[in-house]
Amino acid sequence: MSRPLTLVDLRGMKSRGERMVCLTAYDASLARLVEAAGAELVLVGDSLGMVVQGHDTTLPVTLDEVIYHTRCVARGLRSVAGRAVLIADLPFMSYATPEQALHSAARLMKEGGAQVVKLEGGEPQLETVQALSRQGIPVCAHLGLTPQSVHKLGGYRVQGRDPKAAQAMLEDAVALEAAGADLLILECIPSPLAAEITRALTIPVIGIGAGPACDGQVLVSYDLLGFTARPPRFARNYAQSHGAPDQALKAFVDDVRKGAFPGPEHGFT
Ligand code: KIV
């Protein structure tokens, strides 16, 4: 299929049990490589604050910076008539109220060229997800380890391990879908919980450190390309095994498609 993908196509993939792939990109060159590798989704994540800007957290990233990187990525995708769906992160404190979220999301779409906006959090974000969705703005929700709350969470730790927290996350996921979320990212949670959430939702669920049962997988491209000094345990360095960036990205996409990534060593119980 050479036409641009849509959220409807992604739901179709979920219903057919076809695994989808998301990769981060922050500039036009990486966007072209990720597109060529065959990813269905390209994410301009606020991880750019850590892997591009060198901060310890994603908190300093501004809306203007995400817009700038999204515009670079959109240009890269356009230059190769890309088919991937472009998601951009709403950075920390750019969506503290529904009104602010609408304003920030509109800028990501109008100025950056994003097709979907991503935000972190469950129950407290329901009103915002509803407001965005009502205005026709596609939303990717993000549960589990939500890096913008790193200080509240007490570090980058696995989430949803105790039964109460697991139940709350499942309920949040169901409520986010009902509020209008189109996609859900689950980060760093036990694999059985991710499997349960994936089964409970009709929207595609993309995992990172969430085991093999999600509808798709996402990684920070710099982690799999070996650029990161201390990559997380749930990532695999494909550059080590496959060399050049285009080969490494393609190997990751192929592995996700055939269920060879993530392995048990990349997940949590
Ligand atoms: O910012 C980001 O790159 C992300 C992914 C890790 C899912 O949120």
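When a ligand or atom number is given, it counts from 1 through the structure's own listing order.
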Interfacing atoms of ligand 1 (cut-off 4.0 Å, heavy-atom, Gly45): 1 (O), 2 (C), 3 (O)

Arg236 versus Ser241, side-chain donor and acceptor atoms under 3.5 Å: yes

Closest heavy-atom pair and its distance - Ala200, Val174: CB-CG2, 4.5 Å

Contacting atoms of ligand 1, where contact means under 4.0 angstrom from a heavy atom of Ile208: 6 (C)

Glu187-Gln159 side chain donor-acceptor pair, cut-off 3.5 Å: no

Residues Glu35, Arg78: salt bridge by 4.0 Å N-O rule: no

Option passing side-chain contact (heavy atoms from CB on, under 4.5 Å) with Cys22 (candidates Val34, Val42, Val218): Val218

Atom 8 (O) of ligand 1: nearest protein contact (heavy atom, Å): Lys118 NZ, 2.9 Å

Ligand 1 versus Leu48: contacting region, heavy-atom distance under 4.0 Å: neither

Per-atom contacts of ligand 1 with Asp46, taking only distances under 4.0 Å to non-hydrogen atoms: 1 (O)

Atoms in ligand 1 flagged as close to His142, the criterion being non-hydrogen separation under 4.0 Å: 8 (O)

Leu43 contact mode with ligand 1 (heavy-atom cut-off under 4.0 Å): side chain

Validation row: Leu108, Val66 side chains within 4.5 angstrom (heavy atoms): yes

Atom 3 (O) of ligand 1: nearest protein contact (heavy atom, Å): Ser47 OG, 2.6 Å

Heteroatom distance test (Tyr26, ligand 1): nitrogen or oxygen, under 3.5 angstrom: no

Under-4.0 Å heavy-atom contact with ligand 1, by part of Thr24 that carries it: side chain

Glu177 versus Thr202, side-chain donor and acceptor atoms under 3.5 Å: yes

Heavy-atom gap Glu120 to ligand 1 smaller than 4.0 Å: no

Carboxylate-amine/guanidinium contact Lys118 Asp182, below 4.0 Å: no

Asp89 neighbourhood, listing ligand 1 atoms whose heavy-atom distance to it stays under 4.0 Å: 1 (O), 2 (C), 8 (O)

